[in-house]
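Reading through the structure tokens given below for one structure.
For the numbers below, each heavy atom of this structure counts, side chains included, while hydrogens, waters and symmetry mates do not.
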Amino acid sequence: MKNRHAMPFGAEVLGQGGTRFRLWAPGAKQLTLELGAGAAQSSASMTALDQGWFEAVVPDAPAGTRYAYRAADTRFADPASRYNPDDVHAASMVVDPLAFDWKDGSWIGRPWEEAVIYELHIGTFTPEGTFAAAIGRLDYLAGLGVTALEVMPVADFPGQRNWGYDGVLPFAPDAAYGTPEDLKRLVDEAHLRGLMVFLDVVYNHFGPEGNYLNAYAPQFFNAKHHTPWGAAINFDAEGSRNVRDFFVHNALYWVEEYRFDGLRLDAVHAIADDSEPDIVTEIARALRQGPGRERQIHLILENDRNQSRYLERDAACRPLAASAQWNDDIHHAFHILTTGERDGYYEDYAARPLWYLGRTLAEGFAYQGEASPHRDGALRGEPSAHLPAAAFVSFLQTHDQVGNRALGERLCAIAEPQALRAATVCLLLAPSPPLLFMGEEFAASTPFQFFCDFGPELAAAVTRGRRQEFARFARFSDPAAQAAIPDPNDPRTFAASKLRWDEIERAPHSESLALHRELLALRHRVIVPRLAGMRSGGAFRIEAGAVLRVQWTLGEGSVLHLVANFAARASAAVTMPPGDVVYASPSQGESRAKPQELSPWFVAYTLERGRA
């Protein structure tokens with residue numbers, strides 16, 4: 001089977017060794033196409049078309065040909081490059097997508113309710129840090145109970161090391177990880193094991209190094225909107241139609257040409273767009289009306305604004321736009337309960353973390369229009385209780401929540417162990433799709449630190465800025481403590497973040513892994529078959545001070561109950577919920593019908609079958 005996404009820009013192979021090159025460069029008067037390298041290099045003027053477009057059709061430029069563009073004195077890679085073997089400042093390479101033979105022709109995806117997501121960074125997931133090496137861990141992930149990989153951004157970034165959020169060539173898998181064919185093989189092999197694969201993409205900014213757009217297409221940006229990275233990408237001013245098409249095609253490209261099962265849109269709250277429909281909605285429609293007609297395609301959002309409008313369902317409970325949103329609220333509540341940390345953005349949840357945990361488990365967002373103290377009293381969020389649990393991806397850790405700590409410590413290094421176990425049980429058996437961050441399942445000892453590989457001047461600024469960022473925290477107020485924060489540009493910071501897979505064979509890592517396998521097996525056997533058709537959230541209450549009760553009506557009418565004592569002391573006497581026990585901490589007494597104390601960090605799930 002062959003797959004190709006036809007694009008109105010970039011290098012499109014025509015057959016018989018020919019290629020059409022097309023670029024939108026409204027800021028350039030002339031444009032030159034440079035082909036080949038060394039003594040074999042040649043150049044040709046491109047034909048100016050209407051509205052800032054330039055084109056050249058070259059009869060002898062087969063797959064593998066290196067090419068670049070030149071506007072005045074600036075030479076740059078194709079912004080729609082399918083591959084840049086020598087990094088972002090060098091020439092692009094013509095790629096023939098039809099050269100790859102897919103083996104997963106019968107794959108149509110999986111229903112969203114089956115999602116158990118595993119977020120991973122290609123460069124640190126394995127010692128080799130490549131697409132090819134990641135294939136060797138797919139059987140492990142399938143055996144763990146994972147059903148979906150969520151790959152952190154792979155769009156070409158400057159240097160050899162990066163989280164991926166500094167990409168500047170959105171269509172080109174970074175050569176540090178392998179070739180386009182290697183990435184396709186990873187997706188293909190995942191599908192053959194029943195695993196979905198989602199790709200994290202960044203449509204809110206370009207990275208600070210290697211972005212040449214201002215030299216030939218300044219209309220790509222709209223100075224009326226300001227972002228943390230400068231002028232916003234132009235989604236709503238003059239020339240925005242071409243910019244919007246660039247990103248819509250990017251979304252379709254990854255799903256059609258690479259057969260990803262969906263995308264995670266990074267920080268859509270940082271996208272400035274006053275148009276109707278906005279770019280997020282347009283991308284969602286393009287995916288659902290395009291590849292989504294033939295297979296299950298899922299769109300996941302990161303959105304600090306908690307806008308439930310993107311998560312609405314139709315009468316058949318199908319998503320109208322996004323399938324789900326990362327729910328940072330549930331992480332923040334869990335984090336306070338397991339670590340006691342209350343500074344920074346945790347202040348919004350510090351006064352009553354258990355109440356916020358209950359609200360997120362039952363209703364989705366913790367903030368549904370209330371004032372946020374951390375945001376100087378600004379109102380945050382929209383009502384979400386009417387949405388099903390499937391609309392919210394829940395997690396205890398992500399690349400953000402680990403890597404944005406000064407030292408990149410994982411939760412297992414800072415949380416009370418029994419509290420972490422209780423939170424893990426709550427997470428993995430609740431109706432919302434859970435997400436694990438790579439290594440979380442075996443309590444990896446390695447940190448996940450912030451790393452990059454910029455040029456000298458920018459590298460120094462990034463290192464200085466990161467250390468200053470944490471100076472406001474008491475722990476890092478001393479200059480010596482700031483100096484101990486790992487240098488993002490030091491290769492040792494990257495190396496320290498690589499998983500150590502030998503840990504899964506020994507305690508306590510093997511015990512953590514066994515717990516995750518047990519819970520995910522329970523989830524797939526008892527919870528997942530009952531999730532389809534859930535129409536709304538649940539209900540919750542706090543009793544006896546630290547005991548949380550939540551109940552959800554599942555899709556086929558069963559009622560799932562949670563009772564948990566989130567305290568380091570035994571609770572007052574409470575009554576256990578009705579139904580068959582799905583999971584429970586060690587026994588609390590002989591009779592569940594009589595009130596009883598719950599031991600510290602006790603968690604139980606019960607199921608009342610068929611109570612519609």
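- Between F198 and F260, the distance from one ring center to the other does not fall under 6.0 angstrom.
- Residues D490 and T493 bring no donor and acceptor atom of their side chains to less than 3.5 Å of each other.
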Donor-acceptor contacts, no H, no angles, side chain residues 446-460, under 3.5 Å, sequence neighbours left out:
unit_1: Q449; atom_1: NE2; unit_2: L407; atom_2: O; d: 3.2
unit_1: D453; atom_1: OD1; unit_2: R161; atom_2: NH2; d: 3.2
unit_1: D453; atom_1: OD2; unit_2: Q160; atom_2: N; d: 2.7

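- Aromatic rings of W163 and H121 (six-membered ring for Trp) have centroids beyond the 6.0 Å cut-off, not under it.
- Contact check on D487 versus R467 returns no salt bridge, with no Lys/Arg side-chain nitrogen under 4.0 Å from an Asp/Glu carboxylate oxygen.
- Remark: F246 pairs with F9, F171, F220 by the ring-ring contact (aromatic ring centres under 6.0 Å, His included) rule, at least two apart or across chains.
- Listed by chain and residue number, nothing satisfies the salt bridge (Lys or Arg N to Asp or Glu O under 4.0 Å) test with R305 (two or more places apart in sequence, or in another chain).
- Test R82, R4, H5 against E257 for side chain to side chain donor-acceptor pair (under 3.5 Å) and you get one pass: R82.
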Let me see the working for E347 and R342 under salt bridge (charged side-chain N to carboxylate O under 4.0 Å, His left out), right down to the final yes or no. CA-CA 5 Å; E347 67 176 307; R342 295 167 182 263; over 6 Å; no
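- The pair E55-R22 meets the salt-bridge criterion, since a charged nitrogen lies less than 4.0 angstrom from a carboxylate oxygen.
- Counting only heavy atoms from C-beta outward, the side chains of H89 and E209 approach each other to under 4.5 Å.
- Within the 6.0 Å centre-distance limit, the rings of Y67 and F21 are counted as a close aromatic pair.
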Sequence neighbours left out, cut at 3.5 Å: what donor-acceptor pairs do the side chains of residues 33-50 make with other protein atoms?
unit_1: E34; atom_1: OE1; unit_2: R75; atom_2: NE; d: 2.6
unit_1: E34; atom_1: OE2; unit_2: R70; atom_2: NE; d: 2.7
unit_1: E34; atom_1: OE2; unit_2: R70; atom_2: NH2; d: 3.3

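- Shown here are the salt bridge (Lys or Arg N to Asp or Glu O under 4.0 Å) partners of K29, two or more places apart in sequence or in another chain: there are none.
- Shown here are the ring-ring contact (aromatic ring centres under 6.0 Å, His included) partners of H191, two or more places apart in sequence or in another chain: W107.
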